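Everything numeric in this text was worked out from a predicted model, so none of it was measured.
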Amino acid sequence: MTINKFRQLLGEWRGILITVPSVTLLIIMLRSLGALQLLEWAALDRFFRWRPTEPMDDRIVLVEISESDIAKADRWPISDRTFAELLQKLKALQPRVIGLDIYRDLPVPPGNDELVAVFKSTPNLIGITKAVSNTDRDLVATPSTLKQNHRVGASDIVLDTDGKVRRALLAVNETKVKTTYSLSVELALMYLQKEGIYLREIKAESGKYSLGKAIFTRLTKDFGGYAGVDTGGYQILFNFRSRRCPQKKHINDCHVFKTVSMTEVLENRISRELIRDRIVLIGSNSETVKDFFFTPYTYNYLSATSGVEIHAHLTSQIISAALNDRPLINALPKAGENLWIWLSSSVGAILGFGLLRLRWKFVSILLVGAFLVGSAYIGFLFGWWIPVVPPLLALVGSGIIITGYINYIERQDRLTVMSLLGQHVGPKIAQAVWRDRHQLLREGQLLGQKITATVLFTDIKGFTTITEKTDPETLMFWLNDYMKVMSQVVLDCEGVVDKFIGDAVMAVFGVPIPSTTPEEIAQDAIAAVTCAVEMGKKLASLNQQWQQQGLPTVQMRVGIATGTVVTGSLGSHQRLNYTTIGDTVNIAARLESYDKSLDGGICRILIGEETYKHIEGKFSTQFIGCVQLKGREGSINIYQVIGD
């Protein structure tokens with residue numbers, strides 16, 4: 001590739017080369033500052049709600065304490081005796097593990113001794129403690145019996161800044177040597193022990209652990225759509241089991257797990273098959289206790305999720321990953337996410353640059369946007385949180401910027417074309433120039449071209465004498481009248497008015513869109529001669545008008561030549577002119593001024609040999625001779641066109 005070709009490509013693509021990295025860096029910066037975090041969370045929530053419904057996890061049963069249960073117990077908190085009875089009845093049904101998601105840091109008489117005795121005699125019972133707090137006062141202790149036997153799990157639930165639960169806390173480091181697992185982890189580990197599955201450390205410094213088929217990796221501060229999130233303890237992203245919960249329904253109408261009430265257990269209305277060898281979680285689902293949380297599935301408070309079900313979701317997530325290879329949600333490395341944003345920005349810029357019609361740009365960006373959303377959703381189904389909002393913003397942002405840039409360049413090109421050609425071309429040529437502007441324009445100038453065209457020169461006979469006899473004001477009025485009419489004739493014949501030189505008019509046919517076939521070149525020559533004939537007719541009408549006004553009447557001479565010319569814009573950026581140069585231009589000028597004594601009526605038209613070949617048989621002509629024109633070494637045949 002030549003340097004000039006490379007520079008041309010660089011000029012054409014400079015908008016994309018600037019826009020793509022700029023938009024990409026801006027989006028990445030906004031992400032790092034957290035400006036897109038809420039939007040990315042909203043997209044993640046939408047993916048959760050779009051996901052197909054999963055079957056119930058029948059390994060977990062919830063024993064919920066509802067308003068009716070509290071009403072029957074006639075108190076809250078419920079007494080230790082009632083809890084002791086509840087645990088005894090559940091224990092008799094042989095669950096694999098029991099989780100008690102109720103704080104029992106203080107005795108609730110009567111029956112405290114009975115409850116302590118149940119705690120001691122139930123080795124598969126896990127209680128809860130509140131392990132994370134800003135002050136010691138907020139910490140909630142665990143019954144000493146459970147704590148001494150290391151049967152305690154943290155009940156803390158992590159909320160994002162919008163109040164929703166998306167992150168799961170698996171463990172809390174109380175000291176450098178002491179770690180408290182969450183209630184869900186304790187329940188899952190005890191359940192999996194019977195399956196012969198134990199937690200194993202893979203790489204402690206990177207927070208990687210294996211559990212059966214699952215590999216757990218600690219959530220980082222910039223994981224997925226997060227930006228600088230607090231990752232204290234050991235956190236992962238929740239992968240809630242999907243559900244369908246109508247917006248106007250209460251949470252009780254859209255359980256993911258098999259649920260029974262405390263009263264049903266106390267009244268022995270629960271079958272052994274429902275509880276045996278399962279995880280049983282006991283917790284509140286009461287408006288009195290208000291232990292509810294918002295999740296991605298939450299529409300309003302009625303569809304909030306109870307705390308005990310949050311723990312059940314996490315327990316199910318851990319067990320399903322370890323036993324069934326249900327995916328944990330991972331995120332791409334930041335380099336991969338940034339590359340995805342860059343690719344989206346590139347596609348948006350290319351679509352904005354390559355498609356001409358605004359509607360096609362809109363439709364194509366809409367389709368690519370749908371592809372981005374669809375790809376991210378499919379990735380989510382396989383356990384990957386792929387960013388949606390940043391690439392969409394990059395796609396749309398680059399598309400809009402490039403479209404605006406193209407519009408600006410087109411306005412500049414239009415101004416360039418108009419300033420160069422001005423009123424010197426007709427509508428048809430102007431339309432053709434604008435259509436082919438990308439081939440004709442470079443850096444604000446019309447490119448030089450070597451083409452075959454027909455050049456026409458006109459001059460007024462005896463103009464010097466007229467200037468001596470006419471006052472300046474009248475002369476300029478008269479001359480402008482003449483130029484205006486002659487210019488319009490050129491435009492009507494699809495020629496280009498190249499320049500005015502005093503009383504002379506230079507016009508060119510076959511520029512700036514080159515004629516490439518013999519037929520097109522011949523048509524240019526015919527158009528030029530037609531133009532000259534029409535000029536004679538218009539001059540006759542002008543003479544009649546001028547005679548009535550007492551203004552001078554004149555005759556004119558026309559020279560026409562066909563051949564190779566060079567066209568383009570000349571000058572500087574401050575002053576540019578579109579012009580045609582070459583030997584053909586000189587021949588046309590010499591034909592116009594040849595032998596001024598040669599009569600031709602009101603408009604004498606002399607043409608060269610090449611022009612004659614193209615118009616032969618279409619106009620009345622006579623051969624003048626083979627002559628040597630002034631300033632030329634060779635001789636050429638010249639002909640006179642005989643007007644009507």
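Among Arg59, Arg326, Glu54, the one residue that satisfies the side-chain hydrogen bond (donor to acceptor under 3.5 Å, both in side chains) test with Ser320 is Arg59.
Separating the CG atom in Asp291 from the OG1 atom in Thr305 is a distance of 11.0 Å, to the nearest 0.5 Å. Summarising the geometry, atom OG1 belonging to Thr452 is positioned 9.5 Å from atom CG belonging to Asp524; distances are rounded to the nearest 0.5 Å. Rounded to the nearest 0.5 Å, atoms CG (Leu183) and NE2 (His311) are 5.5 Å apart. To the nearest 0.5 Å, the span separating CD1 on Ile365 from CG on Leu395 amounts to 5.5 Å. Between the NE2 atom of His313 and the CG atom of Asp57 there is a distance of 10.0 Å, given to the nearest 0.5 Å. Ile350 CD1 to Ser364 OG: the interatomic distance, rounded to the nearest 0.5 Å, is 11.5 Å.
A side-chain N or O of Asp498 and one of Thr580 form a donor-acceptor pair less than 3.5 Å apart. With 3.5 Å as the limit, one finds a donor-acceptor pair spanning the side chains of Ser316 and Arg241. Checking Tyr226 against Arg31 by side-chain atom types alone, no donor-acceptor pair falls below 3.5 Å. Using a 3.5 Å distance cut-off with no hydrogens or angles, the side chains of Asn173 and Tyr234 do not pair a donor with an acceptor.
Between Asp162 and Lys164, none of the side-chain N atoms (NZ, or NE/NH1/NH2) sits under 4.0 Å from a carboxylate O, so this pair counts as no salt bridge. In this structure, Asp160 pairs ionically with Arg166, as a charged nitrogen and a carboxylate oxygen lie closer than 4.0 Å. With respect to the salt-bridge test (charged N to carboxylate O, under 4.0 angstrom), the residues Lys221 and Asp230 do not qualify.
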Inset, instruction - Output, in order, the C-alpha distance, side-chain angles, deciding distance and verdict of side-chain contact (heavy atoms from CB on, under 4.5 Å) for Thr454 and Ile521. - result: CA-CA 8 Å; Thr454 298; Ile521 294 171; 5.6 Å; no
Legend entry - side-chain contact (heavy atoms from CB on, under 4.5 Å) assessment of Thr19 paired with Tyr405: CA-CA 10 Å; Thr19 299; Tyr405 170 76; 5.7 Å; no
Inset, instruction - Please assess Leu26 against Ile28 for the test side-chain contact (heavy atoms from CB on, under 4.5 Å), listing each intermediate value before the final yes or no. - result: CA-CA 5 Å; Leu26 177 61; Ile28 292 173; over 6 Å; no
Legend entry - Derivation of the salt bridge (Lys or Arg N to Asp or Glu O under 4.0 Å) call for Asp222 and Lys334: CA-CA 8 Å; Asp222 294 320; Lys334 278 301 167 193; 5.9 Å; no
Legend entry - Residue pair Asp583, Thr564: steps toward the side-chain contact (heavy atoms from CB on, under 4.5 Å) verdict: CA-CA 7 Å; Asp583 187 52; Thr564 302; over 6 Å; no
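Cation-pi check for Arg167 over Phe223 is not met; the charged atom does not lie both under 6.0 angstrom from the ring centroid and within 45 degrees of its normal.
Residues Val505 and Leu456 fail the side-chain proximity criterion, which asks for heavy atoms closer than 4.5 Å. Residues Thr179 and Val172 are not in side-chain contact: their nearest non-hydrogen atoms beyond the backbone lie 4.5 Å or more apart. In this structure, the side chains of Glu337 and Pro390 stay at 4.5 Å or more apart for every pair of heavy atoms. A heavy-atom distance below 4.5 Å is not found between the side chains of Val388 and Glu40. Side-chain contact check for Val308 versus Ile310: every heavy-atom pair is 4.5 Å or farther apart. When side chains are defined from C-beta on, Trp384 does not count as touching Ile329, because their heavy atoms never get closer than 4.5 Å. In this structure, the side chains of Gln235 and Leu170 stay at 4.5 Å or more apart for every pair of heavy atoms.
When all heavy atoms are compared, the tightest approach of Leu328 to Ile215 is CD1-O, 3.4 Å. For the residue pair Val165 and Phe293, the shortest heavy atom distance occurs at CG2-CB, 3.9 Å. Closest of all the heavy-atom pairs between Leu392 and Leu372 is CD2-CD1, 4.0 Å. Across all non-hydrogen atoms, the minimal contact from Ile236 to Leu314 is CD1-CD1, 4.5 Å. Taking both residues in full, the closest heavy atoms of Gly233 and Arg218 are given as O-NH1, 3.0 Å, listed atom of the first, atom of the second, then distance. The shortest heavy-atom contact between Thr315 and Ala188 is CG2-N, 4.2 Å.
You'll find the ring centres of Phe380 and Trp50 outside the 6.0 Å limit. Two rings, from Phe216 and Tyr209, have their centers 6.0 Å or more apart.
The number of heavy atoms from other shown groups lying within 6.0 Å of CH2 (Trp385) is above 12. Within 6.0 Å of OH in Tyr198 there are more than 12 heavy atoms belonging to other residues, nucleotides or ligands. Other residues, nucleotides and ligands contribute only 12 or fewer heavy atoms inside 6.0 Å of the NZ atom of Lys208. Sparse packing is recorded around OH of Tyr181, with 12 or fewer heavy atoms of other residues, nucleotides or ligands lying under 6.0 Å away.
Between Phe240 and Phe48, the ring-plane angle classifies as perpendicular under the 30° and 60° cut-offs.
No donor-acceptor pair closer than 3.5 Å links the side chain of Arg51 to the backbone N or O of Leu381. With hydrogens and angles ignored, the 3.5 Å screen pairs a side-chain donor or acceptor of Gln317 with a backbone N or O of Leu237. With Ser398 contributing its side chain and Ser345 its backbone, the two residues share a donor-acceptor pair below 3.5 Å.
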